[in-house]
Amino acid sequence: MKVQVISREIIKPSVPTPPHLKNFKLSLLDQLLPPSYVPIILFYPASADHEPNNTICHQNSKSELLKKSLPETLTHFFPVVGRIKDNVVIDRNNQGVDYIEAKVDGLMSDFMSVDVVHQLHPSHIMLDDVAKEAHLAVQVNLFDCSGIAISISTSHKIIDGCTAITFISTKTRNYVSNL
């Protein structure tokens, strides 16, 4: 099984952060904790009415819709598009988040084990030098069977469980509205 990155880009919010929301102070607990990232994977198998001959076209259109909905979603989550300064404040400078698209040689069912599922995450965000910078990375994994797995890795300093669920719900709502 092989996961190959096809494209990588930075997605910025569709509306810049208002000046009065530019700085966000981290809590003392968040300042003391080391950076940690929480990976979430959402698996979407191919629909029953999908025609195998249109796999690439079908996946590309879904990926484009996801990419289009992300800037709209980011406008509601300003801290994730900024960077931490001196481990005290988030400078919401609209630098954006990583959006990665990967081609997966294999079936979705092959990745349903703990041994290989880590390949579907944006692994670069776990590196120490990136961990100080990025707060969110999204990786869209396109399977041979035309299924899609969306991996979202978030900094626990910025996004807790409740916020992650809200982010995913908002992104899903924006995605559906773009259909």
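- Looking only at side-chain heavy atoms (C-beta outward), V88 and L26 stay at 4.5 Å or farther from each other.
- Across every non-hydrogen atom of A164 and I159, the tightest pair is N-CG2, 3.4 Å.
- A102 approaches Q139 most closely through the heavy-atom pair CB-NE2, 3.7 Å.
- Legend: residues meeting side chain to side chain contact (heavy atoms under 4.5 Å, CB included) with A149, ordered by chain and number and at least two apart, are I41, F43, L120, N141, F143.
- The closest side-chain heavy-atom distance from K12 to Q95 is not below 4.5 Å.
- By the 4.5 Å heavy-atom criterion applied to side chains, D144 and D105 are counted as neighbours.
- Taking D160 as the reference, C162, T163 meet the side chain to side chain contact (heavy atoms under 4.5 Å, CB included) condition, with sequence neighbours excluded.
- Shown here for S14 and T75, the closest heavy-atom pair between the two residues is OG-CG2, 3.1 Å.
- Taken from CD1 in I40 to CZ in F167, the straight-line distance is 9.5 Å, to the nearest 0.5 Å.
- Transitive grouping of hydrophobic side chains (ILVMFWY, heavy atoms separated by less than 4.5 Å) brings Y44 and V140 into a common cluster.
- Side-chain contact between I100 and V138 is absent, with no heavy-atom pair separated by less than 4.5 Å.
- Atom CD1 of I11 is separated from atom CG of L74 by 8.0 Å, given to the nearest 0.5 angstrom.
- Sequence neighbours left out, the pairs with a member in residues 20-32 that pass salt bridge (charged side-chain N to carboxylate O under 4.0 Å, His left out) are K22-D91.
- Shown here are the side chain to side chain contact (heavy atoms under 4.5 Å, CB included) partners of L29, two or more places apart in sequence or in another chain: S27, L33.
- V5 is not listed as a side-chain neighbour of E101, based on a closest heavy-atom distance of 4.5 Å or more.
- Clustering ILVMFWY residues whenever any of their side-chain heavy atoms sit less than 4.5 angstrom apart, transitively, puts L42 in the very cluster that holds F77.
- Expressed to the nearest 0.5 Å, how far CD1 of I90 lies from OG of S155 amounts to 7.5 Å.
- With rounding to the nearest 0.5 angstrom, the OH atom of Y99 is 12.0 Å from the CG atom of L136.
- Here the side chains of P71 and P13 are not in contact, with every heavy-atom distance at 4.5 Å or above.
- Separation of atoms CG (N87) and NZ (K157) is listed at 3.5 Å; rounding is to 0.5 Å.
- Annotation for H76 and E72: closest pair CD2-O, 3.4 Å, computed over non-hydrogen atoms.
- What you find for V80 and V97 is that their closest heavy atoms are O-CG1, 3.7 Å.
- Taking E9 as the reference, K67 meet the side chain to side chain donor-acceptor pair (under 3.5 Å) condition, with sequence neighbours excluded.
- Note: I152 CD1 to Y37 OH = 15.0 Å, rounded to the nearest 0.5 Å.
- Listed by chain and residue number, L21, F78, V81, R92, N94 satisfy the side chain to side chain contact (heavy atoms under 4.5 Å, CB included) test with T17 (two or more places apart in sequence, or in another chain).
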